[in-house]
Amino acid sequence: MNMTKKAGPIAARQVIWSGRKLAIVVCIALSLFAIFRFQLQYDVSYAAPVYRPRFRVSHDIFIGRPKIAFLFLARRDLPLDFLWGSFFENADVANFSIYVHSSPGFVLDESTSRSKFFYGRQLSNSIQVVWGESSMIAAERLLLDAALEDPANRRFVLLSDSCVPLYNFSYIYNYLMASTRSFVDSFVDGKEHRYNPKMSPIIPKDRWRKGSQWISLIRSHAEVIVDDEIIFSVFKTLCKRRPPLDTSKGKLNLKQQKQHNCIPDEHYVQTLFAMSGIEHELERRTLTYTQWNLSATKMENKGWHPMTFGYANAGPQQIKEIKSINHIYYETEFRTEWCRTNLTSVPCFLFARKFSRGASMRLLSEGVVGPFDVAAVLGTPP
């Protein structure tokens, strides 16, 4: 009887101990599996994002006259359409396509545009865009997606509604077609602390890049942007503009000002291309000139606001100075980017922003992009 009584507790302890050992083994196995999946995810994301390639005509087998797709990111209408109309008037229509992302429901026709080249060129699936939010890069992706439907589009140029061309169509066409690279302003910037550590491991910090939103792409690089599923999703969640300072919110305001001030359109394409391992295929500079306001104090982060060209400062001498720029210095990388195409020195910029209506009228009067048509400029849409 005594042996039986002792055997009961011993057997129970053995069962409990066996259960504990099993639980420990299961925990270890689950931990190892989690580590394996984490490492696998890190390895894949570090090498390149996951894409969902669509069926398109291969850029290697296209035969025909290549076109430039001009992609306009507009608030609503195109205030400088009269200038662009003159620009396109001097081009063969077989050499270009036009796509406009405007506010949802807006239609470009005889009543809203002075140039026939823009009639009906708005996207039907446009979205409401807010500066400093991911909707900006979502709109860019919609433009590229629409332009990729035409296999003849071989170069893709993103422009704002305040951009102007600095040369005639023939010069810009030959400049772009002569290069097999995309033009993407991209550099490492560790000063502004815009990188959110929560982006890791999908976006490692050493792949974080900054640059101008205004890009010019070859077809294969446009496809990388449109087919991206991973990096864009991370940006929508973790790259957000810090709310403006509002002292009335008290402690809530202090909390908000500690957030990462991330501007998606200044980082997305550059970081995506760094993640995709194609930086060596780029001319790491933009083709669109911006004059920055550096009059503010250092405490205000140098101001860093684009200045608007008016009639008075858009004369021949100012345009000549922009055209004469042949290199760009990147302070954070101690890098000078000399502007070349196929080892030949070329002007750095083909376009410029931000130009007012008056400044654009002066460009026409000076004959920068085409003949000057007073009726087209001063008249109102019918």
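Along the sequence shown, residues carry numbers from 1. Fair warning: this is a prediction, and the values are worked out from it, not measured in the lab.
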Below 4.5 Å, heavy atoms only, C-beta onward: do [X] and [Y] meet side chain to side chain?
| X | Y | value |
| --- | --- | --- |
| Leu282 | His221 | yes |
| Pro151 | Phe62 | yes |
| Leu73 | Met136 | yes |
| Ser113 | Tyr119 | yes |
| Ile202 | Val234 | yes |
| Val164 | Phe309 | no |
| Cys262 | Asn196 | no |
| Ile218 | Thr180 | no |

Please say which of Arg209, Lys210, Arg194 ends up in a side-chain hydrogen bond (donor to acceptor under 3.5 Å, both in side chains) with His267. Arg194
[X] side chain to [Y] main-chain N or O, any donor-acceptor pair under 3.5 Å?
| X | Y | answer |
| --- | --- | --- |
| Arg181 | His280 | yes |
| Arg155 | Ser179 | yes |
| Asn313 | Gly310 | yes |

Does Arg114 make a cation-pi contact with Phe82, if we ask for NZ or CZ under 6.0 Å from the ring centre and within 45° of the axis? no
Check whether NZ of the Lys or CZ of the Arg Arg141 lies under 6.0 Å from the centre of the six-membered ring of Phe232 and within 45 degrees of that ring's axis. yes
Distance in Å, [X] [atom1] paired with [Y] [atom2], rounded so as to fall on 0.5 Å steps:
| X | Y | atom1 | atom2 | result |
| --- | --- | --- | --- | --- |
| Asp265 | Glu140 | CG | CD | 6.0 Å |
| Leu217 | Leu176 | CG | CG | 10.5 Å |
| Arg76 | Gln122 | CZ | CD | 11.5 Å |
| Ser182 | Phe273 | OG | CZ | 5.5 Å |
| Arg353 | Gln213 | CZ | CD | 7.5 Å |

Residues in disulfide bond (SG atoms under 2.5 Å apart) with Cys163, at least two apart? none
Excluding sequence neighbours, so at least two apart, what forms ring pair (Phe, Tyr, Trp, His ring centres under 6.0 Å) with Phe72? Trp84, Phe118
Run the salt bridge (Lys or Arg N to Asp or Glu O under 4.0 Å) test against Asp161 and tell me which residues pass, sequence neighbours left out. Arg75
Taking the six-membered ring for Trp, are Tyr167 and Tyr175 closer than 6.0 Å centroid to centroid? no
Considering residues at least two apart in sequence or located in another chain, which fulfil the side chain to side chain donor-acceptor pair (under 3.5 Å) criterion with Asn153? Ser97, Tyr99
When clusters are formed from ILVMFWY side-chain contacts under 4.5 Å, directly or step by step, what else is grouped with Phe334? Tyr329
Only pairs under 3.5 Å count here: list side-chain donor-acceptor contacts from residues 341-352, not counting sequence neighbours, and write none if there are none.
residue: Asn342; atom: ND2; partner: Ala178; partner atom: O; Å: 2.7

No-hydrogen, no-angle side-chain donor-acceptor test under 3.5 Å, Asp185 and Tyr330: yes
Checking side-chain polar atoms at under 3.5 Å, does Asp92 have a donor or acceptor matched by the opposite partner on Tyr173? no
What class does the angle between the rings of Phe88 and Phe96 fall in, given that below 30° is parallel, 30 to 60° is tilted and above 60° is perpendicular? parallel
Locate the shortest heavy-atom distance separating Leu144 from Leu71; write the atom from each residue and the value. CD2-CD1, 3.5 Å
